[in-house]
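Letters go in sequence order (proteins before strands), and every chain restarts at 1.
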Protein chains: 4
Amino acid sequence: MAYRRTTAVAQRLADNRDQILAAARALIARGGFAAATIAAVAAEAGIATGTVYRYFPSKAELFAEVLRDAARRELAVLSETAAADGPPLARLDAVVSVFVTRAIRGQRLAHAMIAEPVDPTVEAERLVLREGYARILGALMDAAIAEGTIPPRNTEIAADCIVGAMIEPLIGPLAKGKVRKKTQADDLLAEIRRFVNAALRADTANANVLDFPKGEF
Amino acid sequence: MAYRRTTAVAQRLADNRDQILAAARALIARGGFAAATIAAVAAEAGIATGTVYRYFPSKAELFAEVLRDAARRELAVLSETAAADGPPLARLDAVVSVFVTRAIRGQRLAHAMIAEPVDPTVEAERLVLREGYARILGALMDAAIAEGTIPPRNTEIAADCIVGAMIEPLIGPLAKGKVRKKTQADDLLAEIRRFVNAALRADTANANVLDFPKGEF
Amino acid sequence: MAYRRTTAVAQRLADNRDQILAAARALIARGGFAAATIAAVAAEAGIATGTVYRYFPSKAELFAEVLRDAARRELAVLSETAAADGPPLARLDAVVSVFVTRAIRGQRLAHAMIAEPVDPTVEAERLVLREGYARILGALMDAAIAEGTIPPRNTEIAADCIVGAMIEPLIGPLAKGKVRKKTQADDLLAEIRRFVNAALRADTANANVLDFPKGEF
Amino acid sequence: MAYRRTTAVAQRLADNRDQILAAARALIARGGFAAATIAAVAAEAGIATGTVYRYFPSKAELFAEVLRDAARRELAVLSETAAADGPPLARLDAVVSVFVTRAIRGQRLAHAMIAEPVDPTVEAERLVLREGYARILGALMDAAIAEGTIPPRNTEIAADCIVGAMIEPLIGPLAKGKVRKKTQADDLLAEIRRFVNAALRADTANANVLDFPKGEF
DNA sequence: CATGAATGAGCCTTCATTCAT
DNA sequence: GATGAATGAAGGCTCATTCAT
């Protein structure tokens, strides 16, 4: 006869699952996907390697869920921000601000989630995140264009530009082995906002064009 | 005779070295760092695996040099572009155009060189490339600021924003498993230039600020 | 009350035990020993994996008992058949017929029980089954020999020949990935009976001997 | 520049390959497929585990080749025997004799090759062996039937009966943990020959039929 | 010097068995 | 007694690196 699963047990299981996800997240944030071996995840979570497989069918699925969770959380916050009252560009600015503010605290993870190449299964989740960003940013730009606030443009590409402009100053410096100092956080946010806001408002495309050489990368 | 033989030998050695670097570059461009195993590099170069270790002490060093070479070449082209005659912002626009035009043809390699996380040794070289981009772009912005063409700003951060805005629309679609169609190349270049040019010229920072929630990534 | 509870408990225990055995048998019949993991057996039996160990000290013991039970049942039927009235060879023919008829319906299980190699503990039980077959068949042959119906022979070895001749046409086709069609069941039975009956009655041993090469397998 | 592969090196490679095959064969013969782990095979061959994969792409392929080799050798010998001069049944008797004589020396391997369930890839090779046996034996029976020496029968099924009658007395006793004594080899061969020869010559099918109970295995 | 076979640490995954609840 | 989560020892396989030829 099956014993009723007590709240305590259910809680422990849920905790375990979260522990594993948290361990994976922590390892990915610390050293990327490469550092997050199943053995390392299990050790970080304080469990045996085999236990991981009670909660996730494979390494790829575990990582996919890490990404899915982070994406869900992230996109939920940004969506909410985007849905506030106010003119579209002000909301877009707020989205940028929220993204940057949050990402500053999780640079390596943000990098992994946006740029690090991985298993196809995981890749699918990354796509969701990327498209989520583009959707939110693109919708706000479209609204601003519809209002006549800014001139028409290819918002799909521009959305990617914004994502790049937001994330690059955060993750690029990681190569230096030292995270940008905390005192720089305000500068980072301010400059990124300035950059993105300006990019959207002005229409100076193709001004002052020079001839330029072409070649292979 | 002895001299000529030496020269011939030296030539062959240099050729071998280049072959290996070219093979590694080709494999990385084709399938990222993961696809570039030592065995695959050797096969692509038409030599034995052990021979690779005659020229490079380790896989990490080989990849570091691949990155170093590509960075040297890439930065040389961009530097030349940046040194042309004309107003700073026009030259910056040209730099952006060159970067994008070249990167469109080498998306996978560009991705690997700019975003793909790897060994710390290789990472150091990536830093050189990134800093090179920032130096070139930053210098042009500084010049424009000195001229009074654009208002003062934190050009270090802005340079990263530009790099992100340039590269993201190029590598982002890779995650979708489909490279952007060739017919989109012109749209990509035009939209990225518009975005970056606008970002630099206008000064609308901190306009229309909304309150926004904060939290962890 | 206490007595009835005890009885009920004892009944439930016995039921559980049978459930486990039946589950193991079903899984072995379906996919061989490889498919019969403890977890699968427990799931099939509708109990927890740990519960299996309340009834059986190890996987090997469980499988040994599966074999033991099947052997007991099987040998009982064959013994009963062998004990019928009639001439020994007719009874032997009946034994063969019963064996084949029953085995056709349980090819995979029959295969596992007779041919599939397993743990030494389980192997011991297989021996019992094999020896049971040999004993029954041997006794009937001995009786026929005693009667003078057939010439003397090494009935121990001949019994194994019969077992092989009975089981091989049944399990051999399993290797082809396709079970022999149902319409062939009658042909199978007829041909096997003809073969075994003939083998016992005629005495043409060592006729027409040719020289033959020898060597290792 | 590629060095010419010396005969010595080529020999060493071929030897290695043979060593691995021999090691696998030995382990399978000793303890079945289960005992033949890659680590064990490598240890038996005196090489590192990874080395095995220089010669065989996977465990399944290695085992398949072990089977293929043994089958090729075995069927070649039996085919040659079957192609000798003389009446079909005499040749069939010779085939049986050769099979038994050879198999006596490799019981466990013979068992593994004929009955042990394994990977689908390996199974395919087992099919070749089984079908080879059936083809050779069936052809001889067909010839004897054509001659009028023996009455018509389903030679496909009968061939399987012969295989079973040949192999069962050899492998069955393995369950006892002790191989049949050497002094019994002659008895085994004699009795098996007698059994098979008799089975083919006499036609007593369906004689003395008794009613028999039916049921599940 | 070149070769490429050999090495073996390390990874992901499975599953018999244990034990706290 | 029952539960099923946890354990951890294997097992198959990959690949950077070494070294005899």
(message) Measuring to OP1 and OP2 of E/dT7, would you say a side-chain N or O of D/T51 lies under 4.0 angstrom away?
(response) yes
(request) Taking the side chain as every heavy atom from C-beta outward, state whether B/Q19 and B/I47 have any atom pair closer than 4.5 Å. (result) no
(message) Working note: D/R17 + D/E65, criterion salt bridge (Lys or Arg N to Asp or Glu O under 4.0 Å); need CA distance, chi angles, decisive distance, verdict.
(response) CA-CA 11 Å; D/R17 202 163 197 291; D/E65 182 151 340; 2.6 Å; yes
(request) Could you list all the salt bridge (charged side-chain N to carboxylate O under 4.0 Å, His left out) pairs where at least one residue sits in residues 34-43 of chain C, not counting sequence neighbours? (result) none
(request) Check the pair D/F33, D/L27 against side chain to side chain contact (heavy atoms under 4.5 Å, CB included), reporting the backbone distance first and the verdict last. (result) CA-CA 8 Å; D/F33 284 109; D/L27 286 168; over 6 Å; no
(message) Between D/N16 and E/dA5, is there a contact of a side-chain N or O with OP1 or OP2 at under 4.0 Å?
(response) no
(message) How many whole angstroms separate atom CZ of D/R17 from atom P of E/dA6?
(response) 12 Å
(message) Could you tell me how far apart A/D119 (CG) and E/dC11 (P) are, to the nearest whole angstrom?
(response) 17 Å
(request) Calculate the interatomic distance between C/I47 atom CD1 and F/dA5 atom P; express it in whole Å. (result) 15 Å
(request) Find the distance B/I20:CD1 to E/dG4:P and express it as a whole number of Å. (result) 14 Å
(message) Classify C/F56 by what it touches in the nucleic acid, base, sugar-phosphate, or nothing, heavy-atom distance under 4.0 Å.
(response) nothing
(request) Return the residues of residues 33-45 of chain B meeting this criterion: a heavy atom under 4.0 Å from some atom of DNA chain E. Order them by number, or give none. (result) none
(message) With nearest nucleotide decided by heavy atoms, which residue, C/G50 or A/G50, maps closer to the 5′ end of DNA chain F?
(response) C/G50
(request) Would you give the length of the straight line joining atom CG of A/L21 to atom CZ of A/F56, rounded to the nearest 0.5 angstrom? (result) 3.5 Å
(message) I want to verify a distance call: between F/dA9, F/dA5, E/dA5, whose nearest atom is closest to the A/T49 side chain?
(response) F/dA9
(message) Checking D/Y55 now: which residues fulfil side chain to side chain donor-acceptor pair (under 3.5 Å) with it, not counting sequence neighbours?
(response) D/N16
(message) My validator wants the stems of DNA chain E: runs of 3 or more consecutive Watson-Crick or G-U pairs, both distances under 3.5 Å, written as range with range.
(response) E:2-21 with F:2-21
(request) Counting heavy atoms from C-beta on, name the nucleotide in F/dT7, F/dG12, E/dA16 closest to the side chain of D/Y53. (result) F/dG12
(message) Quick check on contacts: within residues 61-69 of chain A, what sits under 4.0 Å from DNA chain E by heavy-atom distance?
(response) none
(request) Name the residue closer to the 5' end of DNA chain F, choosing between B/S58 and D/P57 according to the nucleotide with the nearest heavy atom. (result) D/P57
(request) Could you tell me the separation between the CG atom of B/L62 and the CZ atom of B/R68, rounded to the nearest 0.5 Å? (result) 10.0 Å
(request) Could you tell me whether the side chain of C/M113 reaches within less than 4.5 Å of the side chain of C/L129, counting heavy atoms only? (result) yes
(message) Among E/dC1, E/dT7, E/dA5, which nucleotide has an atom closest to any side-chain atom of D/A48?
(response) E/dT7
(request) To the nearest Å, give me how far apart CZ (A/R54) and P (F/dT3) are. (result) 14 Å
(request) Give the rounded distance in Å between these two atoms: NZ of D/K59 and P of E/dC12. (result) 21 Å
(message) Quick check on E/dA6: is either OP1 or OP2 less than 4.0 Å from any side-chain nitrogen or oxygen of D/Y55?
(response) yes
(request) Just jot down the salt bridge (charged side-chain N to carboxylate O under 4.0 Å, His left out) partners of C/E44, sequence neighbours excluded, or say none. (result) C/R30
(message) Without decimals, in angstroms, what is the distance between B/D15 CG and E/dC1 P?
(response) 14 Å
